[in-house]
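Counting starts at 1 for both ligands and their atoms, in listed order. Just so you know, residue 1 is the first one in the sequence shown, and it goes up from there. Just the heavy atoms: all of them, side chains too, but no hydrogens, waters or symmetry mates, feed the values below.
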Amino acid sequence: MEPASGTDSPLLVLVKVITFSLGLALLFTLVANTLPQIEGEAPVDEDIELGALTMDSFIALGETVFTGKGTCTLCHNELGRAPDLLALNIAETAQARVQDPAYSARANDIESYLRESLLQPSAFVVKGFGKKGTNDTESPMPAADKPPIGLSSIEIDAVIAFMQAKDGNEVTVALPEDTAAIAGDSESMETPAAPVAEAPASATTGEEIIAKYGCAACHSVLGTESPVGPPLTGIGARLDAARIREGIVAPSVEIAQGFAPGIMPENFADRMTARELENLVQWLTTQK
Ligand code: HEC
Ligand code: HEC
């Protein structure tokens with residue numbers, strides 16, 4: 001059957017549609033490539049409605065701090081480096097710890113045990129988790145209110161509330177009353193350089209990148225100390241750029257002498273932009 005005049009044959013229509021689609025795809029590719037690259041999304045500020053702070057939002061803040069700025073999940077995860085706080089019922093564990101005759105520190109209930117764990121990690125060290133060579137007398141965990149973690153007292157309360165709430169245990173932490181303190185603290189309430197959550201805006205300088213990915217939780221760097229991994233201060237004198245890059249993107253290829261495998265996160269290569277990785281490597285080579 002002849003198509004009515006002025007109308008294309010079905011085949012021709014198909015060819016036209018395909019050509020048009022390909023052209024459109026090509027056009028989009030060209031346009032996209034000429035636009036400046038936008039990496040990730042701008043960080044969203046965790047705005048706290050001062051008047052309307054509910055326990056639910058306080059707990060939510062605690063969770064954000066726990067997985068983000070607090071860098072807790074860098075160590076407290078299923079890798080066995082530290083008790084897996086998200087998997088175990090930490091409020092019940094805390095109760096058992098303070099009732100254990102072997103427990104010799106100051107806490108006497110769940111909240112005070114959690115607070116003590118955060119502020120004075122070495123007051124009581126969970127068996128088998130102490131700093132190497134200290135026979136479980138010293139904790140490798142940095143005090144959460146000091147650098148590099150550096151949480152405010154409100155953030156500490158929020159994290160404790162989250163740890164109590166996550167398994168349905170009673171939350172005994174009081175909501176902060178001094179809302180001025182929250183307002184004045186808004187700087188440190190910013191959404192963290194989340195090691196777990198989606199990447200915030202891309203960081204540029206070595207310092208920013210170290211902060212964004214929480215390297216200081218495990219490495220001595222930028223004036224803070226952590227014994228978990230080898231110091232990054234002076235790393236440029238020990239390793240060249242290629243070896244440093246490998247240490248970051250493929251940590252299990254070569255394990256630093258005297259340190260345990262399986263602790264340095266394996267996924268930095270996926271989480272960092274190429275530019276962040278390069279800037280970080282270049283910056284580390286200058287640490288001599
Ligand atoms: C550098 C690794 C590291 C980081 C970061 C870290 N911890 Fe720990 N934490 C440990 C280790 C190891 C232990 C076990 C030794 C001890 O008792 O101190 C521990 C113990 C604890 C305990 C006691 C657990 C128990 O079973 O009694 C709590 C609670 C805790 N951490 C909470 C936190 C929170 C909340 C954060 C984030 C603000 C955090 N930790 C950040 C390594 C870390
Ligand atoms: C949860 C703890 C942890 C975090 C977070 C962490 N590291 Fe590590 N890192 C380690 C440990 C432990 C080692 C030693 C074992 C190994 O070589 O894998 C290590 C090894 C390295 C090495 C190899 C050093 C050497 O002397 O061979 C480099 C480089 C390094 N880390 C850089 C970084 C950077 C940069 C970051 C942040 C982007 C970071 N690490 C975050 C624990 C961590």
Side-chain angles (χ1 to χ4, degrees), residues 62 65-77 79-86 88 90-94 96-98 100 103 105 107 110 113-131 136 138-145 148-151 155-156 158-160 162-163 193 195 203 206 209-219 221 226-232 234-236 238-239 243-269 271-272 276-277 280-281 283-285 287:
V65 173
F66 189 91
T67 53
K69 177 180 177 185
T71 66
C72 318
T73 47
L74 285 180
C75 299
H76 292 283
N77 52 40
L79 296 178
R81 165 79 213 174
D84 189 351
L85 298 181
L86 292 176
L88 55 79
I90 184 61
E92 267 177 18
T93 308
R97 298 246 193 264
V98 295
D100 186 338
Y103 174 77
I110 294 171
Y113 178 82
L114 295 176
R115 194 175 302 281
E116 181 184 81
S117 298
L118 286 175
L119 303 182
Q120 295 153 282
S122 294
F124 171 77
V125 179
V126 180
K127 209 160 171 273
F129 286 106
K131 225 191 250 185
D136 289 340
E138 250 184 85
S139 175
M141 172 164 157
D145 60 337
I149 300 183
L151 301 185
E155 288 167 328
I156 301 261
V159 167
I160 295 174
F162 163 67
M163 289 193 284
I209 300 163
I210 294 277
K212 176 173 169 184
Y213 292 99
C215 317
C218 299
H219 294 278
V221 63
S226 173
V228 179
L232 297 181
I235 190 167
R238 288 193 294 120
L239 304 175
R243 181 63 193 86
I244 292 176
R245 190 178 301 109
E246 182 189 80
I248 298 168
V249 302
S252 52
V253 170
E254 206 174 313
I255 303 301
Q257 217 190 340
F259 292 90
I263 295 168
M264 166 95 181
E266 298 269 356
N267 60 356
F268 284 130
R271 286 162 46 203
M272 286 182 189
E276 283 175 337
L277 177 61
L280 175 60
V281 169
W283 184 80
L284 287 169
T285 59
Q287 301 302 297

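Across every non-hydrogen atom of A216 and S226, the tightest pair is O-CB, 3.6 Å. Closest approach of A94 and L114 over heavy atoms only: CB-CD2, 4.3 Å. Of all heavy-atom pairs spanning I149 and A144, the tightest one is CG2-O, 3.6 Å. Across all their heavy atoms, A217 and V228 have their closest contact at O-CG2, 4.4 Å.
Taking every non-hydrogen atom of E254 and a distance limit under 4.0 Å, the qualifying atoms of ligand 2 come out as 17 (O). Atom numbering of ligand 2 starts at 1 in the shown order; those under 4.0 Å from a heavy atom of C218 are 1 (C), 2 (C), 3 (C), 4 (C), 5 (C), 42 (C), 43 (C). Ligand 1 places these atoms under 4.0 Å from at least one heavy atom of V159: 35 (C). Within ligand 2, the atoms closer than 4.0 Å to a non-hydrogen atom of Y213 are 38 (C), numbered from 1 in the order shown. Against a heavy-atom cut-off of under 4.0 Å, V228 is close to the following atoms of ligand 2: 12 (C). Close contacts between ligand 2 and L74 involve ligand atoms 1 (C), 5 (C) [criterion: under 4.0 Å to a heavy atom]. Proximity to I248 (heavy-atom distance under 4.0 Å) selects the following atoms of ligand 2: 32 (C), 35 (C). Below 4.0 Å from some heavy atom of R238 lie the following atoms of ligand 2, by number and element: 26 (O). Atoms of ligand 2 lying under 4.0 Å from at least one heavy atom of L280, given by number and element, are 35 (C).
The closest approach between S226 and ligand 1 stays at or above 4.0 Å for every heavy atom of the residue. Under the 4.0 angstrom criterion for non-hydrogen atoms, P265 is in contact with ligand 2. Heavy atoms of L239 come nearer than 4.0 angstrom to ligand 2 in at least one pair. A heavy-atom separation below 4.0 Å is not found between C75 and ligand 2. Between R243 and ligand 2 there is a heavy-atom distance shorter than 4.0 Å. In this structure, M272 is part of the shell of residues with a heavy atom less than 4.0 angstrom from ligand 2. Ligand 1 is approached by P142 to a heavy-atom distance shorter than 4.0 Å.
Scanning the protein for heavy atoms near atom 40 (N) of ligand 1, the closest one is H76 NE2, 2.7 Å. When only non-hydrogen protein atoms are considered, atom 32 (C) of ligand 1 lies nearest to L85 CD1, 3.4 Å. Protein heavy atom at the shortest distance from atom 42 (C) of ligand 1 is M141 CB, 3.5 Å. At the top of the distance list for atom 41 (C) of ligand 2, counting protein heavy atoms only, stands F268 CE1, 3.5 Å. Looking only at protein heavy atoms, the nearest one to atom 20 (C) of ligand 2 is H219 CE1, 3.7 Å. The nearest heavy-atom contact from the protein to atom 15 (C) of ligand 1 is F129 CB, 3.6 Å. Looking only at protein heavy atoms, the nearest one to atom 18 (O) of ligand 1 is S139 OG, 2.6 Å. Nearest protein neighbour of atom 17 (O) of ligand 2, counting heavy atoms only, is A256 N, 2.8 Å. When only non-hydrogen protein atoms are considered, atom 13 (C) of ligand 1 lies nearest to P83 CD, 3.7 Å. Summary of contacts: the protein heavy atom closest to atom 23 (C) of ligand 1 is S117 OG, 3.6 Å. At the top of the distance list for atom 11 (C) of ligand 1, counting protein heavy atoms only, stands A82 CB, 3.6 Å.
Residue contacts with ligand 2, taken as heavy atom pairs separated by less than 4.0 Å, do not involve R81 at all. Residue-level proximity to ligand 1 for C72 is carried by backbone and side chain together, each with a heavy atom below 4.0 angstrom. Contact annotation: for T71 versus ligand 2, there are no heavy atoms closer than 4.0 Å. In I235, the part holding a heavy atom less than 4.0 Å from any atom of ligand 2 is the side chain. At a heavy-atom cutoff of 4.0 Å, ligand 1 is contacted by the side chain of F66 but not by its backbone. At a 4.0 Å heavy-atom cut-off, ligand 2 does not touch I209 at all. Contacts between L118 and ligand 1 below 4.0 angstrom, taking non-hydrogen atoms only, involve the side chain exclusively.
Checked against a 3.5 angstrom limit, the closest N/O atoms of R97 and ligand 1 fall inside it. Annotation: V126 places an N or O atom under 3.5 Å from an N or O atom of ligand 1; distance criterion only. Checking only distances, T93 never comes within under 3.5 Å of ligand 1, N or O to N or O.
The nearest non-hydrogen atom to atom 33 (C) of ligand 2, considering only K212, Q257, M264, comes from M264. The residue among A211, G247, G229, P140 with a heavy atom at the shortest distance from atom 22 (C) of ligand 2 is G247. With S252, G234, P251, P230 as candidates, the residue nearest to atom 24 (C) of ligand 2 on a non-hydrogen basis is P230.
Side-chain atoms of T71 never come within 3.5 Å of backbone atoms of G214 as a donor-acceptor pair (strictly under, hydrogens ignored). With hydrogens and angles ignored, the 3.5 Å screen pairs a side-chain donor or acceptor of D136 with a backbone N or O of G128. Although no hydrogens or angles enter the test, the distance criterion places a donor-acceptor pair under 3.5 Å between the side chain of N77 and the main chain of T73. Distance alone, capped at 3.5 Å, places no donor-acceptor pair between the S139 side chain and the V125 backbone. Remark: the backbone N or O of P230 is paired with a side-chain donor or acceptor of H219 at under 3.5 angstrom.
By the salt bridge (charged side-chain N to carboxylate O under 4.0 Å, His left out) test, E138 is found to be paired with K131, residues two or more places apart in sequence or in another chain being considered. Take E92 and apply the side chain to side chain contact (heavy atoms under 4.5 Å, CB included) test, not counting sequence neighbours, and it matches N89.
Taking backbone and side-chain atoms together, C215 has no N/O/S atom less than 2.8 Å away from atom 8 (Fe) of ligand 2.
Counting only heavy atoms from C-beta outward, the side chains of V281 and I248 approach each other to under 4.5 Å. Under the 4.5 Å side-chain criterion, counting only non-hydrogen atoms from C-beta, M264 is not in contact with F259. Side-chain atoms of I244 and L239, non-hydrogen and from C-beta on, do get closer than 4.5 Å to each other. No side-chain heavy atom of L74 sits less than 4.5 Å from a side-chain heavy atom of R81.
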(message) One pair to check against side-chain contact (heavy atoms from CB on, under 4.5 Å): L86 and H76. What are the steps and the verdict?
(response) CA-CA 8 Å; L86 292 176; H76 292 283; over 6 Å; no
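For the pair R271 and E276, the salt-bridge criterion is not met [side-chain N within less than 4.0 Å of a carboxylate O].
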